[in-house]
Amino acid sequence: MIIFKKKHCYQFIVILVFMSNFTSCSNEDDELLHYNIVTYVQKVMIDENYYFNDEALNRPYIIKISPASGEMIIADRGNRCLYVFSKQDTFTFINKIGRPGQGPGEFLSIGSMDVDNQGDIYVLDNNNMRLTIFSKDGKYLHSFRVGSTSTSTSIFVTSNQNILINSPKNGYYITIYNKFGEKLKVIGNVSHYFEDKYNRHNERYAEGFPLKIDDKYYIFFKHMPYSKIYDKDGNLISENSLLNVLGINSKTEYIPKNGKIKFSPYIPVFFDNADFYNENIYLITRPYRSKITNNFRCPIFVLSKELKIQKEIELPLNENDRILKSTGLILYFEIINNEESVLLPMHDASKILIYSVK
Amino acid sequence: MSRKVKLIIIFFLLLDISYITLKGLNLSFLNLPNIKGLLYDKSSYNSSIFNGIEPPPFEYGKKLENHFIEDIYSNAINVSENNKCFKLIRIVQSKNTDNINIDSFINFVELQNDISNRDILYVYIISSNESNKITENLKYLQNKYNIAICQVSTNFLKKVYNISNFRCEYNMLLDNNNNIRLNDFGLDNELIREIVQYEFSKGLLREN
């Protein structure tokens with residue numbers, strides 16, 4: 001017969017207190033995951049057999065809707081040009097901008113694109129390492145060199161037509177130019193490089209997506225759920241892990257199933273793009289195969305400016321879309337119709353998908 | 001209370017405090033990326049080193065002056081003075097200039113065939129730090145394909161073309177006036193062909 005002595009009671013109480021901490025902690029984590037998850041329906045908007053102007057899409061990379069005209073601008077990496085389509089439901093070809101080459105208004109490798117509120121188009125050319133600006137009707141305005149870029153360098157044009165470029169190769173998280181190519185400011189020193197045997201720096205961990213929201217500069221990193229916020233003078237305000245915010249970490253997968261969140265061993269979360277629409281920040285993850293459902297997943301997280309999660313948009317991907325994952329390119333997207341729809345260019349499939357609630 | 005029990009209580013209390021502290025700092029249980037120390041596996045990032053892109057050394061339209069090279073027969077190829085045609089130049093780096101990467105050369109020959117109707121001077125430059133040794137193979141290739149093969153030092157490349165330590169082939173298109181119409185690393189033939197044809201159609205560039 002076991003006899004409980006007084007000292008055993010003390011030990012038992014201490015163990016109980018200790019365990020209670022862990023229990024309360026796991027409940028707290030569960031609460032973080034309660035946000036609205038909206039699953040969208042996929043439709044093909046432009047497929048690989050759609051011909052216009054005696055040509056077809058060849059690796060469409062970026063889509064932007066011009067705020068000024070509502071026209072859809074597609075950056076095509078294969079044809080090395082921009083295509084402009086009308087805003088009607090039946091998208092009609094309007095104009096082709098640029099062509100392959102190194103002359104004015106020509107591209108060798110389109111890396112990133114954005115459109116300002118007047119409709120002017122900004123295109124980053126990785127090979128030519130320059131930023132080219134076109135007017136809203138496609139007329140070449142001017143271009144300027146922006147220093148070293150990488151295949152995943154991202155740009156963001158602010159409301160006052162300044163250009164934010166993620167520029168870790170130049171030593172900064174963000175370099176800001178005005179529309180005329182004058183360097184205005186650099187934000188965030190990138191240090192702690194890896195070096196290879198050729199003494200070349202590897203600054204890939206500092207690659208990310210710059211945004212300017214109100215008077216603050218945000219950088220969302222590509223290879224980790226992490227962000228930094230700087231004030232207008234370039235002083236660091238905060239560094240934020242998005243692990244808690246999104247309810248994910250590098251060892252678990254979150255997935256909605258029967259209204260509950262389930263965890264499973266998971267691959268790391270990479271982000272493919274970030275953008276700002278309707279006072280919210282949209283973060284899209286790199287497509288990956290779920291180990292629970294075995295399907296491809298491509299969620300977009302919608303965050304407030306304070307980095308609180310608002311909702312998640314689930315973009316179903318077909319098995320045929322798996323090639324997206326192997327491209328290694330940034331997955332650009334565009335929110336249209338006041339957040340109701342998402343445009344997604346399928347780089348290797350040469351088609352444009354449109355996702356909507358129904 | 002015995003000493004043993006007190007020690008156990010202190011032990012658990014310390015564990016408890018350390019857990020709460022770590023949780024408060026959001027560190028240990030979330031795998032928070034450590035930006036300053038960067039605890040990433042170095043090997044997993046090595047592949048990205050080569051994503052870097054070399055900048056094109058010359059601006060479009062820049063005039064290349066005093067550009068003299070010799071082919072393997074020591075015939076001077078006075079590119080600067082040859083104002084009758086466009087010049088398409090491919091530069092490769094090699095450990096031994098007495099030999100040639102035949103795949104790369106055949107690739108250049110294919111490009112020549114693709115744009116055969118054009119009046120273009122084709123120049124294939126092999127660069128190396130080692131002493132040059134002209135082989136019969138190189139002479140044979142030059143005679144057969146009508147492509148001028150040149151051997152230059154890496155110093156020459158740096159001085160004349162402003163390039164060094166590149167991995168991909170460097171392609172350059174000069175027009176009749178030796179203005180740069182294209183200069184970049186690692187471009188595929190299809191793109192070069194398209195650009196050459198378009199640059200022909202542009203005609204002469206306006207002088208700045």
Side-chain angles (χ1 to χ4, degrees), chain A residues 6-8 10-11 13-15 17-18 21-22 25 28-29 80 99-104 106 108-109 111 126-130 145 147-152 169 191-198 200-207 221 223-226 228 239 241 243-244 249-251 268 328, chain B residues 1-2 4-6 8-13 15-16 19-20 23 26-27 29-38 40 42-56 58-61 165 167 173 180-187 190-196 198-199 202 205:
Chain A
K6 196 177 176 184
K7 65 179 181 182
H8 288 139
Y10 281 121
Q11 288 172 4
I13 289 165
V14 168
I15 291 167
V17 168
F18 180 63
N21 274 307
F22 283 103
C25 165
E28 221 173 275
D29 283 349
R80 293 175 171 85
R99 54 166 300 114
Q102 283 188 311
E106 297 172 351
L108 281 183
S109 172
N126 282 329
N127 276 51
N128 288 324
M129 290 188 184
R130 68 185 180 195
R145 286 274 176 107
S148 294
T149 59
S150 73
T151 48
S152 54
K169 281 182 178 294
S191 54
H192 304 281
Y193 291 110
F194 293 146
E195 288 186 359
D196 69 348
K197 58 185 177 182
Y198 307 107
R200 291 170 61 155
H201 290 154
N202 183 351
E203 63 298 311
R204 193 177 182 188
Y205 75 93
E207 289 177 353
F221 291 104
H223 296 285
M224 49 193 156
Y226 205 76
K228 290 187 173 207
E239 299 184 54
S241 165
L243 295 168
N244 250 349
N249 66 46
S250 60
K251 288 181 181 168
Chain B
M1 207 179 340
S2 71
K4 197 177 171 185
V5 174
K6 281 179 184 171
I8 291 170
I9 291 171
I10 290 167
F11 173 74
F12 277 118
L13 277 173
L15 269 181
D16 217 13
Y19 172 78
I20 292 164
K23 185 167 166 42
N26 240 0
L27 285 175
F29 298 95
L30 292 173
N31 297 325
L32 194 71
N34 186 348
I35 294 287
K36 287 180 182 172
L38 203 68
Y40 283 77
K42 210 169 176 177
S43 60
S44 68
Y45 275 75
N46 278 347
S47 60
S48 70
I49 297 283
F50 301 112
N51 286 345
I53 301 163
E54 305 283 350
F58 300 110
E59 289 284 352
Y60 179 88
N165 291 329
R167 292 174 302 105
L173 177 69
I180 303 276
R181 295 295 189 96
L182 175 71
N183 73 122
D184 206 358
F185 301 90
L187 301 175
E190 177 65 21
L191 178 60
I192 295 172
R193 185 184 59 77
E194 191 177 346
I195 291 172
V196 167
Y198 185 61
E199 290 300 331
K202 277 183 187 174
L205 293 179

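Below, chain A is the first sequence line, B the second, and so on; all start at residue 1. These figures come from a predicted structure and were not determined experimentally.
A:R99 touches chain B through its side chain: at least one heavy atom from C-beta onward sits under 4.5 Å away, while N, CA, C and O do not. Of the two parts of B:L187, only the side chain, counted from C-beta on, holds a non-hydrogen atom closer than 4.5 Å to a non-hydrogen atom of chain A. With a threshold of 4.5 angstrom between heavy atoms, B:L182 approaches chain A through its backbone and through its side chain. Neither the backbone nor the side chain of B:F11 comes within less than 4.5 Å of any heavy atom of chain A.
Atom CD1 of B:I195 is separated from atom CD of A:E106 by 7.5 Å, given to the nearest 0.5 angstrom. Remark: B:Y60 OH to B:N183 CG distance equals 11.0 Å, nearest 0.5 Å.
With sequence neighbours excluded, the residues that form a side chain to side chain donor-acceptor pair (under 3.5 Å) with B:R193 are B:E190, B:Q197. Applying the side chain to side chain donor-acceptor pair (under 3.5 Å) criterion to B:E194, with sequence neighbours excluded, gives no partner residue.
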